[in-house]
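What follows is a single structure, written as structure tokens, with notes after it.
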Amino acid sequence: MFKKILIANWKEHPKSGREAVKIFGAAMRAKTPKNIKTVVCPPFVYLEKCASTAVRRPNAKGRAALGAQDVFWKDEGPYTGEVGPAMLRALGVAYVIIGHSERRRWLGETDAMVNKKIGAALGAGLRVVLCVGEPAGVRKKGIAAAQKFVKDQLAKDLRGISSDKKIARRVVVAYEPIWAIGTGDSADPADVRAMAVFIKKQLSFLFKSPAASRRSFVLYGGSVNGKNIADYLQYEAVDGALVGGASLKADEWKKMVEAIKTLR
Ligand code: PEP
């Protein structure tokens, strides 16, 4: 079983397919030991190219899994512009980010929509990376306010999701305080650890299983890079990182993998 997960969220980058293959190739070349799982989430339009790059390198040491940045809750139908879970599965996608704060902010994604997406993605056999996290205004009120915000998000986003062990295990939660994303203002590592423990407790409650807090994966996201990743992942409760900006730079990716390797 792997110990840490490193997920690249490319967001709306890069502008060309050629560049996408280059960045993906670099991620594939970063030698990752068995205890580090890497996942790369390019924009939809590059998934196929990246999937075929992966197929051409079946023995690559740092073989990254493929993830998508969003999914719709229907497999097929009159939903212009949407991409369904079955389509992603057919491309070899294993993970999908759901509920990223940028989608909640710019696309008006609500908790009800996030909830439907999670149900559909899990139903199709995908692993879900559910993003939660408080805005700056809430954080200013203190840790308790931030925890309440995250607790409410988890309750709404995971409402009615099966607590079947095999399904619950496929839900990864990324704690991404909104004020830390893309700002360089990364969260305090000890606060992140406390939030990860808190999230695991909530998952135990929501999935009606004390063991869920042990089994579940909670990541941190928010201005993570090669320099600071170990500050977060040194804690047992923090199972990995969801990385935006730094994941597009081959040297930073390598540094992050190297930093995780040094952790005991
Ligand atoms: C993200 O996109 O989820 C993210 C955390 O971005 P960044 O690493 O750039 O802050």
Side-chain angles (χ1 to χ4, degrees), residues 4-12 39 41 67 69-70 95-111 113-115 117-118 128-158 171-203 205-206 213 216-248 252 256 259-260:
K4 300 285 180 188
I5 314 177
L6 179 60
I7 304 184
N9 174 17
W10 289 4
K11 314 192 188 206
E12 195 193 358
V39 182
C41 306
Q69 298 177 21
D70 183 38
Y95 288 76
V96 61
I97 297 172
I98 297 182
H100 193 285
S101 60
E102 287 157 6
R103 293 198 60 81
R104 294 182 194 251
R105 177 181 180 193
W106 299 109
L107 284 307
E109 207 158 278
T110 62
D111 287 309
M113 290 159 79
V114 168
N115 178 253
K117 290 181 177 196
I118 293 173
V128 165
V129 183
L130 165 62
C131 298
V132 295
E134 80 286 354
V138 170
R139 181 63 186 83
K140 279 196 188 106
K141 292 180 193 158
I143 296 270
Q147 288 185 340
K148 182 177 179 320
F149 187 93
V150 168
K151 180 179 172 180
D152 288 351
Q153 272 187 324
L154 288 170
K156 288 178 191 158
D157 296 348
L158 295 173
V171 178
V172 174
V173 174
Y175 169 57
E176 298 209 308
I178 297 170
W179 45 270
I181 299 178
T183 58
D185 185 16
S186 50
D188 177 74
D191 287 350
V192 168
R193 181 192 165 271
M195 184 62 96
V197 171
F198 176 80
I199 289 172
K200 288 179 182 198
K201 269 193 203 137
Q202 298 309 310
L203 293 175
F205 172 72
L206 293 166
S213 63
S216 56
F217 285 93
V218 177
L219 319 183
Y220 167 67
S223 300
V224 170
N225 55 41
K227 268 201 191 130
N228 64 15
I229 193 164
D231 299 342
Y232 300 101
L233 274 55
Q234 65 171 317
Y235 297 115
E236 204 182 328
V238 183
D239 300 292
L242 176 55
V243 185
S247 73
L248 287 149
E252 279 294 322
M256 288 188 278
I260 302 174

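Values in this document were obtained by computation on a predicted structure and should not be read as measured data. One is the number of the first residue; the rest follow in order along the sequence.
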Side chains of [X] and [Y], heavy atoms from C-beta outward: is any pair under 4.5 Å?
{"X": "Tyr220", "Y": "Pro189", "answer": "no"}
{"X": "Asp70", "Y": "Leu107", "answer": "no"}
{"X": "Arg139", "Y": "Asp191", "answer": "yes"}
{"X": "Val129", "Y": "Val39", "answer": "no"}
{"X": "Gln153", "Y": "Val114", "answer": "no"}
{"X": "Leu203", "Y": "Leu158", "answer": "yes"}
{"X": "Gln69", "Y": "Arg103", "answer": "no"}
{"X": "Ser247", "Y": "Asn9", "answer": "no"}

Just how far is it from atom [atom1] of [X] to atom [atom2] of [Y], taken to the nearest 0.5 Å?
{"X": "Ile7", "Y": "Tyr95", "atom1": "CD1", "atom2": "OH", "answer": "6.5 Å"}
{"X": "Ile229", "Y": "Ile260", "atom1": "CD1", "atom2": "CD1", "answer": "4.0 Å"}
{"X": "Asp157", "Y": "Ile98", "atom1": "CG", "atom2": "CD1", "answer": "9.5 Å"}
{"X": "Glu134", "Y": "Lys140", "atom1": "CD", "atom2": "NZ", "answer": "11.5 Å"}
{"X": "Leu206", "Y": "Ser216", "atom1": "CG", "atom2": "OG", "answer": "10.5 Å"}
{"X": "Asp188", "Y": "Arg193", "atom1": "CG", "atom2": "CZ", "answer": "12.0 Å"}

Of all residues at least two apart in sequence or in a different chain, which pass the side-chain contact (heavy atoms from CB on, under 4.5 Å) check with [X]?
{"X": "Asn115", "value": "Arg159, Ile161"}
{"X": "Ala246", "value": "Asn225, Val243, Glu252, Met256"}
{"X": "Ala196", "value": "Val218, Ala237, Val238"}

Over all heavy atoms of both residues, which pair between [X] and [Y] is shortest? Give the atoms and the distance, please.
{"X": "Pro135", "Y": "Trp179", "answer": "C-CD1, 3.7 Å"}
{"X": "Gly221", "Y": "Pro177", "answer": "O-CD, 3.6 Å"}
{"X": "Ala174", "Y": "Leu242", "answer": "CB-CD2, 3.8 Å"}
{"X": "Ala187", "Y": "Ala180", "answer": "N-CB, 4.2 Å"}

message = Suppose we screen for ring-ring contact (aromatic ring centres under 6.0 Å, His included). Which residues come up paired with Tyr175, at least two apart in sequence or across chains?
response =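 Checked Tyr175 against ring-ring contact (aromatic ring centres under 6.0 Å, His included); zero matches.
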| task | Please indicate whether Tyr235 has more than 12 foreign heavy atoms, meaning atoms of other residues, nucleotides or ligands, lying under 6.0 Å from its OH. | result | yes
Q: Check whether more than 12 heavy atoms from other residues, nucleotides or ligands sit under 6.0 Å from atom NZ of Lys201, and answer yes or no.
A: no
Handout entry: Side-chain donor or acceptor of Asn228 paired with backbone N/O of Ser223 under 3.5 Å
Key = yes
**Item:** side-chain contact (heavy atoms from CB on, under 4.5 Å) between Glu12 and Glu102, worked out
**Value:** CA-CA 11 Å; Glu12 195 193 358; Glu102 287 157 6; over 6 Å; no
Can you pull out every salt bridge (charged side-chain N to carboxylate O under 4.0 Å, His left out) where at least one residue sits in residues 220-247? Sequence neighbours excluded, please.
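Residue pairs passing salt bridge (charged side-chain N to carboxylate O under 4.0 Å, His left out), neighbours aside: Lys200-Asp239.
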Please report, to 0.1 Å, the donor-acceptor pairs under 3.5 Å made by any side chain of residues 142-151, with sequence neighbours excluded.
unit_1	atom_1	unit_2	atom_2	d
Lys148	NZ	Asp152	OD2	2.8

| request: Evaluate the side-chain contact (heavy atoms from CB on, under 4.5 Å) criterion for residues Arg105 and Ile178: first the C-alpha distance (whole Å), next the side-chain angles of each, then the deciding distance (0.1 Å), finally the verdict. | output: CA-CA 10 Å; Arg105 177 181 180 193; Ile178 297 170; over 6 Å; no
* To do: For Lys117 and Val96, run side-chain contact (heavy atoms from CB on, under 4.5 Å): C-alpha distance rounded to whole Å, both residues' side-chain angles, the deciding distance at 0.1 Å, then the answer.
  => CA-CA 10 Å; Lys117 290 181 177 196; Val96 61; over 6 Å; no
